[in-house]
> 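One structure is given below, represented as C-alpha cells, and several questions about it will come after.
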2 protein chains.
Amino acid sequence: MTTPNILFIMYDQLRFDYLSCAGHPHLHTPNFDRVAARGVRFTNAYVQATQCGPSRMSTYTGRYVASHGACFNGIPLRLGEMTMGDHLRAAGMGCWLIGKTHMKADADGMARLGLAPDSEIGVRQSECGFDPWVRDDGLWGQGPDGFYDEKRSPYNEYLKSKGYASDNPWADFANAGVDEAGDIASGWMFTNADRPANIREEDSETPWLTREAIRFVDQATGPWCAHVSYIKPHWPYIVPAPYHDLFGPEHVPLPMRSDGERADPHPIYAAYMGNKISHAFQRDEVRDKVIPAYMGLIKQCDDQLGVLLDHLEATGQADNTVIVLTSDHGDYLGDHWLGEKDMFHDPSVKVPLIIYDPRPEADATRGTVCDALVEAIDLAPTFVEMAGGVVADHILEGRSLMPWLRGEVPIWRQFVISEYDFSPTPTCAALGLDPREARLFMLFDGRWKLVHSEAGYRPMLFDLQSDPQELQDLGADPAQADQINRLYDLLGQWGRRMAQRVTRSDDDIRAMRGKSARKGILPFLYDGSEVPDALTVKYRGPASARYDRD
Amino acid sequence: MTTPNILFIMYDQLRFDYLSCAGHPHLHTPNFDRVAARGVRFTNAYVQATQCGPSRMSTYTGRYVASHGACFNGIPLRLGEMTMGDHLRAAGMGCWLIGKTHMKADADGMARLGLAPDSEIGVRQSECGFDPWVRDDGLWGQGPDGFYDEKRSPYNEYLKSKGYASDNPWADFANAGVDEAGDIASGWMFTNADRPANIREEDSETPWLTREAIRFVDQATGPWCAHVSYIKPHWPYIVPAPYHDLFGPEHVPLPMRSDGERADPHPIYAAYMGNKISHAFQRDEVRDKVIPAYMGLIKQCDDQLGVLLDHLEATGQADNTVIVLTSDHGDYLGDHWLGEKDMFHDPSVKVPLIIYDPRPEADATRGTVCDALVEAIDLAPTFVEMAGGVVADHILEGRSLMPWLRGEVPIWRQFVISEYDFSPTPTCAALGLDPREARLFMLFDGRWKLVHSEAGYRPMLFDLQSDPQELQDLGADPAQADQINRLYDLLGQWGRRMAQRVTRSDDDIRAMRGKSARKGILPFLYDGSEVPDALTVKYRGPASARYDRD
C-alpha cells in the first residue's frame, strides 16, 4: 500500500463543541462535518496543556509537558528534543510547517553545542523539527516594549504588499475595525468585536494561510506531512465581513456556570475567576458581542477548509491524503465564570479531533465517533505509523490511533493527563506562590477528573457522570477520600513513567541481556565451573615467564 | 577569598562501613581518617542508583536517574544533558577526569545534531563533560564476543610498556594470580582471591592512577576540579602483595543476614538471592577469601590516598584544595544473602562521603560528622558554590552541602531517592517482566525505607529505627498500611518534581511576568479603559484612508 500524505490541520483556541458535527445548535460547519462523515470523530480528545506553547510542544514531540519541559509560552524546547518532524523524516516522510507553532528555539543550547542556527539542522531545531514553508505565529501585538513576537511576519509583509499602509497592518487592519469617526477600532477591545475587520476578507489571516497551504500542496512531492496551523479562531475576536454579522446574541448559548461555583471555590480557580478577562466574560454584553465574532471566525475557517478540500479533490489528491482536524486548546467564553483557558474544565482542555484516512483499512470506521481517551500526544505516533515507520515508544509517550481507525478495540490507557505551569503569570505572584508551587496536573479517567495543585491546596474533583457540566467541585468532600486516593495512585504511576531513557529502545534493552558475560565480565565465578570454557580467555604458557621480576 | 581547587576522589564499590573512621573493627584507614579529622564525614549519604553507570551519571549531572535517563551501564547519556564540568567551566573552573566515569556517549544524538565527536565540544559530550586527562574505566574483561569496553585502555598500554607481555595484561597480570603449576589464576575466580596479583604493587591500578593524579596536579593551573576516579576496590577481587595477606578469615565480619529473610521474600529480592553471585557469597569459604582481598584493596587505596595527601602538603597545595572522598555504591559481600549491589539495603546504597574544605568558613565543622540526608547529586551544586558560581537549580536537582560544612542547619530535604532499572538483566527476563516493569524506586526518610516495584508486586518496607540491619521486610504487614501510604505520597511528590524545564531558571520565570501586556498582548480589554494609554499603540489618522478599497 502506498504511503499517504498527511494534512495535519490545527486551529487555535477552537472549542470541541463549536462544530455542527459536535452538536452546536446554531453554528453550521459543513466542511468539518464532511471530513467527519468520511472519518472518525474522537469525542474524548484532550490536550496536554491548556496554553498554546506547551500544548503544541507536546503535540509535536509526542511527549508530556513534564517530559519535554517547555511548560509555558516562550520557554524554549530543549535542543535535541525530538519532534514529529524528526521521527517522520527518519521514516521517509517530509514534514512541513505552514503557519503557527509558538515554538521558542533553545539558543543557549545551540551555542553550547556549537550548532549554527542557520544550518539545516539548526533551522529544524529552531522550527520544532519542521521544514518551514511559512512560519507565522499570528500574534503581532505591539506595545511600549516592542513586538510580542520578534520574528519577521510573513503575513504582515503580505498585507504591506497589498497596500495596507501601516508598520503593523496585522493590528491596524486584520485585527481592527473602524469606528464612527473613521478611526481605528482595535480588535483587542471587546466593544469592537461586532465591527467588521478593516480588511478585504480574502486578505484576512485564514484565507491567506489556506492559499499558502494550496501553494505548498501543488508543488510538494510525497510522501509529506503538512502541518497547516491556523491562528484562528484565537483572539483578537474580530472578523471581516460578511462573517461579522452572520451571528448575533440570539445565537449565543447560555453560559455554563452556577452560583455554587463561586460559593467556596478552590483558591487557584478563584484567582482565575477574578482576573480581567474573566471579569469581562462574566458580562452578558461581552459574550453577546464576542461569541458571535468567535462563531464568525469558525465559520470562515470552515469555508476555507472547504476551499482546501475542494482543491485536493480537484487535483486528485484527496484519495491519498489523510486529513486531521484538531485544536491546541479550547476557550471558556464565560463558562465557569472564566475567560481564556488556564483551567481544566472540558471547554478549555478538550479539543475537536477528526481523522480521515482514505485507505481501505479505515473503511470500517467511516462516519463513526470514538469515545476512547485520546491525548494530543497520540498524533505523532499515529503519523509515524501512517508513514510506515516504527514508533519509537521510548521517546514518544503517546500511542498510535491507527487501531481505532481500523475499527479495532485495543487495550488502552486508563487516564489522560494535562498540565499547567502558571509560574510565569501574575496570578502566581498574587497567590504568593514560588514558581515550583504554581503547577497544576489534571488526571481524567473517563468519569472522574482530578486537578492536583503543587501549592498544597486541596485537589479539585469532578464526577462527569453525575455532573457532566463540571459545576460541582467535590475536592473538599470527605466522602470522596477513597476516590481521591485512587486517582492520586494513578497520578503517582504517571509520575514514575519512564520518560527520559531516550537513547535506547525497549528492543535495545532486551538485546543487552547477558551480553557482558560474553565479553569477559564474570563477577560470579567460584572456580570457573559455572561457565563454559568458551567464556574464559585462557593464557597460553607460564605466567612467571611474562615479565622481568628483576 | 580565593577559589579553592577541588580534588574529587571517587572509589568504586567501596562500602560506607569499611573505613576505620566509620567504625570498621579490623580495617585501619588512617588516611581516610586524616581527611575526616579535618573535614565533615556524612553518615547518611545515598547514591541515586546502586549500579556504577547510572549512579555516576547522577553524580556528574546532579540529577536523578529518571531525570537524565541513563538508567543502566552502557545506556548513553543524552546529548546536551549538562554535567558538573559544564557548570564548573561556566563558573570559571576547569574540570578534569583522571580515571573512570563509565559514561557511554550518545553517538546517535551527535550524528543527529551534526556534532563531530573529536571536536572540543564533542569530546566533552563524550566524556561526561570532563576534559579527559586520562580516561580508563578499569574493566578490560575479554570474552568470545571481544572486549567489554571497546575504548583504548591507557592502563593496559602502561603495563605493556612495563614489559607485561600479554594482549590484555589487565586480565593476565593486574587481575590474576599464579597457580601452583605456574599458570594464570584468574582474579574472576573467587578461589584465587587469596593469591597475590601477578604484578609489581607499584604497577597495579591504584598506584598507577595515583601517579596520574600527581602528574595532573603538578602541571595544573587553577582553579581546577580533578575527578580522580579509582576502579578499586571493585571486583575482580585480587590484590598484589603485600596487601593480599594483611587480612584473613579472622577479620571477616559475620554476614548481616537472617533466615527470616529467606522465609517469604519479595519476589525481586528472592530472584537476586538466587543468582550466581549471591549463591557464591552465601558460602563461607567465598567470604573468607574474598573479603580479605576486598579489605586489602581498600588498604592499598588508603595508602595511595596518603601518597596523594603527602604530595599536596609537600607542594603547598593542601591549604587551597578541597578534598572529597566518596564511592559510587557499596557491595553486599554476602549480607542479606546477596552479592554485588542491585538492591537497596544500606551496604549497597549508602556510601562514604568525607569533605575537607580548607577555607576558614569550614573551621566550625572540622572533625565532625553530619547525619543529614545527603544524596550524591548534592556534590555538583556543592562544587559550583565552591567555584563561586550560581547553582542552576532548575537543572541541578541536588543541593549544595556548603551550609553543612559551615555548621549551619538549613531547611533540608525530607527523603532521599535511589533507583534501579534492571530491565537489561536476565533477572528481568527470568521474572517474565516487560522492560518498563523492571524498575525499582527506593525512598528513605531517615527512618523508614520503602522500595517500590513497578511490576505490581507489594513494596518492601524497613524501619531502620527498630531494625537497623534491615532484616525485617514489613512491606506485607497490613499494620503498616498508613506508613506505606505516607511514603507513597512522598514518592508521588517526587514523581511530580520539575526536572525538565532546563532552558529557563526560576529567576527567568519571575522576570517573564506581565511582559506580554507591555508587548501589546491585551486579550482582556472591554473598551481600553483597563490599561494606561501607554499600553495601546494608537493609529494616527483615519483608517479609511489607508488602503485602496477599489
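Hydrogens, waters and symmetry mates play no part in the numbers below; they use all other heavy atoms, side chains included. Convention: sequence-line order gives letters A, B, ...; per-chain numbering from 1.
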> Under 4.5 Å heavy-atom distance to chain A, tell me which part of Asn73(B) shows up: side chain, backbone, both or neither.
backbone
> With a 4.0 Å cut-off on N to O distance, would you call Lys276(B) and Glu340(B) a salt bridge?
no
> Answer with side chain, backbone, both or neither: which region of Ala66(A) has an atom nearer than 4.5 Å to a non-hydrogen atom of chain B?
backbone
> Given heavy-atom pairs under 4.5 angstrom as the criterion, report whether the side chain, backbone, both or neither of His68(A) touches chain B.
backbone
> Chain A heavy atoms under 4.5 Å from Phe72(B): which part of the residue, side chain, backbone, both or neither?
side chain
> Any chance you could lay out the ring-ring contact (aromatic ring centres under 6.0 Å, His included) test for Tyr488(B) and Tyr488(A), step after step, and finish with the verdict?
CA-CA 10 Å; Tyr488(B) 265 102; Tyr488(A) 265 103; over 10 Å; no
> Of the backbone (N, CA, C, O) and the side chain (C-beta and beyond), which part of Glu454(A) lies under 4.5 Å from a heavy atom of chain B, both, or neither?
side chain
> Measuring heavy-atom distances to chain A, does Glu419(B) have an atom under 4.5 Å in its side chain, in its backbone, in both, or in neither?
neither
> Which region of Trp235(B), side chain (C-beta onward) or backbone (N, CA, C, O), has a non-hydrogen atom less than 4.5 Å from a non-hydrogen atom of chain A, or is it both or neither?
side chain
> Checking Pro236(A) against chain B: side chain, backbone, both or neither under 4.5 Å from a heavy atom?
neither
> Determine the interplanar angle of the Trp140(B) and Phe147(B) rings, folded into 0 to 90°, and report it as parallel if under 30°, tilted if 30 to 60°, perpendicular if over 60°.
perpendicular
> Where on Tyr237(B) is there a heavy atom nearer than 4.5 Å to chain A: the side chain, the backbone, both, or neither?
neither
> So that I can tick it off, tell me whether Lys519(B) and Glu150(A) are bridged by a salt bridge, with the cut-off set at under 4.0 angstrom between side-chain N and carboxylate O.
yes
> Between Gln125(B) and chain A, with a heavy-atom cut-off of 4.5 Å, which part of the residue counts as in contact: side chain, backbone, both or neither?
side chain
> Quick check on Met110(B) against chain A: is it the side chain, the backbone, both or neither that has a heavy atom closer than 4.5 Å?
neither
> Side chain from CB out, backbone as N, CA, C, O: work out which of these in Arg497(B) comes under 4.5 Å of a heavy atom of chain A, or both, or neither.
backbone
> With only heavy atoms counted, which part of Ile521(A) is less than 4.5 Å from chain B, the side chain, the backbone, both or neither?
both
> Which bit of Ser67(B) comes within less than 4.5 Å of chain A, counting heavy atoms only: side chain, backbone, both or neither?
backbone
> Less than 4.5 Å to any heavy atom of chain B: does that hold for the side chain of Ser423(A), its backbone, both, or neither?
both
> Is it the backbone or the side chain of Arg510(B) that comes under 4.5 Å from a heavy atom of chain A, or both, or neither?
side chain
> Using heavy-atom distances under 4.5 Å, tell me whether Ala107(A) contacts chain B through its side chain, its backbone, both, or neither.
neither
> Is any NZ, NE, NH1 or NH2 atom of the basic residue among Arg436(A) and Asp506(B) found under 4.0 Å from an Asp or Glu carboxylate oxygen of the other?
yes
> Need one label for Leu491(A): side chain, backbone, both or neither, based on atoms under 4.5 Å from any heavy atom in chain B.
side chain
> Could you tell me which portion of Asp106(B) (side chain, backbone, both or neither) has an atom closer than 4.5 angstrom to a non-hydrogen atom of chain A?
side chain
> Applying side-chain hydrogen bond (donor to acceptor under 3.5 Å, both in side chains) to Gln500(A) and Arg63(A), what does each step give before you reach the verdict?
CA-CA 10 Å; Gln500(A) 303 303 330; Arg63(A) 289 159 62 76; 3.3 Å; yes
> For Lys289(B), is it the side chain, the backbone, both, or neither that has a heavy atom closer than 4.5 Å to a heavy atom of chain A?
neither
